[in-house]
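In what follows, a structure is listed as structure tokens, so that the remarks can point back to it.
Convention: sequence-line order gives letters A, B, ...; per-chain numbering from 1. Quick note: numbers below take in every heavy atom, side chains included, and nothing from hydrogens, waters or symmetry partners.
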There are 2 protein chains.
Amino acid sequence: MPDIMEDADRHCAKTGARLTPLRRRVLELVAQARAPVKAYDLLSQIDRTSTSAKPPTVYRALDFLIEAGLVHRVEALNAFVACPQAGHGHAAVLYVCESCANVTEVQGSRPGQENKPAGFTVKRSVIEHYGLCADCPRP
Amino acid sequence: MPDIMEDADRHCAKTGARLTPLRRRVLELVAQARAPVKAYDLLSQIDRTSTSAKPPTVYRALDFLIEAGLVHRVEALNAFVACPQAGHGHAAVLYVCESCANVTEVQGSRPGQENKPAGFTVKRSVIEHYGLCADCPRP
DNA sequence: GAGCAGATGTAATAACGTAACATTTTATCG
DNA sequence: CGATAAAATGTTACGTTATTACATCTGCTC
């Protein structure tokens with residue numbers, strides 16, 4: 001995995017988004033985790049250092065990071081993962097292993113739009129597959 | 001739309017699932033709604049009649065209905081919709097209009113599995129597209 | 001009718017997320 | 001530089017979503 005933080009810095013420099021110390025810290029925490037992270041877990045990790053973190057602190061940082069394309073929200077888990085490739089847009093397809101919690105992200109240009117109803121305009125897609133990754137033993 | 005309740009009765013008779021009065025009532029409420037329904041909205045609708053409904057009441061009924069393939073959970077909305085065709089499995093693709101809240105469900109045999117990682121076994125998929133349906137005006 | 005399994009009732013609380021307003025920091029421009 | 005406007009963060013409070021744990025009831029089987 002290439003350095004997510006460097007990638008994020010470059011991406012934000014390019015787009016003009018402001019990756020402040022707080023946002024950077026939240027991204028680091030999300031990126032370091034080897035599994036989707038919960039907002040309140042981030043909150044308690046931040047608290048260890050700064051003592052002033054409250055829910056809006058972390059949710060605002062996450063909103064920014066999602067908007068910037070640096071983090072994805074895993075809807076069915078109420079959790080968050082770092083995007084391995086900054087700014088790939090919102091076309092991510094996530095494969096979430098229910099055994100080891102590892103998440104693999106792949107890209108598709110118009111993923112999952114089987115039999116799209118006539119005239120429907122897709123603005124945002126949520127595509128999450130849950131199961132077992134190759135490394136986890138079958139039950 | 002063919003009668004969802006008849007469909008549900010037939011489906012449960014076939015599979016041996018017990019569509020009790022409470023579960024049936026919850027399914028009716030979900031099916032009547034023209035948009036995804038929140039659990040606590042169901043709760044207050046049930047309360048009007050029985051006065052004894054508490055959160056577990058409705059969540060248990062919803063769990064049963066989802067398990068039985070009669071209801072889908074819309075993950076990104078924390079809400080629920082009736083499945084138009086009982087027991088179609090968990091391969092549903094949902095198109096959710098953000099303007100009128102209407103949900104169209106289509107079926108795909110292996111929807112959304114673009115570039116599936118080698119060896120990954122999918123057990124359950126969440127595929128939700130958000131945007132504007134054909135009937136809603138473009139901004 | 002004793003015993004069991006499944007379903008439901010009930011109380012309490014955990015987990016997730018946001019609104020509203022105060023304060024601080026940073027950018028901009030005269 | 002200093003005014004001022006915009007963006008970010010701090011803070012309090014609360015709203016929403018969901019679960020745990022245990023009690024009770026209902027219908028079935030023997």
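Side-chain nitrogen and oxygen atoms of Lys38(A) include at least one within less than 4.0 Å of the OP1 or OP2 phosphate oxygen of dC16(C). Within the structure, every side-chain polar atom (N or O) of Arg18(A) is placed at least 4.0 Å from both OP1 and OP2 of dT26(C). The shortest distance between the side-chain N/O atoms of Asn78(B) and the OP1/OP2 oxygens of dT16(D) is not below 4.0 Å. Residue Ser52(A) places at least one side-chain N or O closer than 4.0 Å to OP1 or OP2 of dG10(D). A close approach under 4.0 Å does occur between a side-chain nitrogen or oxygen of Thr20(B) and OP1 or OP2 of dT8(C).
To the nearest angstrom, P of dT17(D) lies 10 Å from CZ of Phe80(B). Between the P atom of dT26(C) and the CG atom of Leu19(A) lies a distance of 14 Å, rounded to the nearest Å. Taking atom CG of residue Asp41(A) and atom C1' of nucleotide dA15(C), one finds them 10 Å apart after rounding to whole Å. Regarding Leu42(B), its CG atom lies at a distance of 11 Å from the P atom of dA18(D), rounded to whole Å. Atom CD in Glu67(B) sits about 12 Å away from atom P in dA7(C), given to the nearest Å. As a whole-Å value, the separation of Asp63(B) CG from dT20(D) P is 11 Å. Atom CG in Leu43(A) sits about 15 Å away from atom C1' in dA14(C), given to the nearest Å. Rounded to whole angstrom, the span from the CZ atom of Arg24(A) across to the P atom of dA8(D) amounts to 17 Å.
You'll find that the side chain of Lys54(A) is closest to dT11(D), out of dT11(D), dT8(C), dT9(D). Checking dT19(D), dT11(D), dG17(C) against the side-chain heavy atoms of Tyr59(A) singles out dG17(C) as nearest. Across dG17(C), dA18(D), dT11(D), the shortest atom-to-atom separation from the side chain of Ala39(B) is found for dA18(D).
Lys123(B) places a side-chain heavy atom less than 4.5 Å from the side chain of Glu98(A). Side-chain contact check for Asp3(A) versus Asp7(A): every heavy-atom pair is 4.5 Å or farther apart.
Glu105(B) and Pro84(B) get closest at one heavy-atom pair: OE1-CD, 2.9 Å.
Arg25(A) contributes no side-chain N or O that, together with a main-chain N or O of Ile46(A), makes up a donor-acceptor pair within less than 3.5 Å.
Applying side chain to side chain contact (heavy atoms under 4.5 Å, CB included) to Val71(B) and the options Asp63(B), Ile66(B), Val26(B), Val81(B) leaves one that passes, Ile66(B).
By the criterion of a centre-to-centre distance under 5.5 Å and near-parallel planes under 30°, the ring of Tyr40(B) forms a stack with the base of dT17(D).
The residue Arg73(B) sits close only to the backbone: its heavy atoms come under 4.0 Å of sugar-phosphate atoms, none of a base. Base engagement by Arg60(A) is indicated by at least one non-hydrogen atom pair under 4.0 Å involving a base atom.
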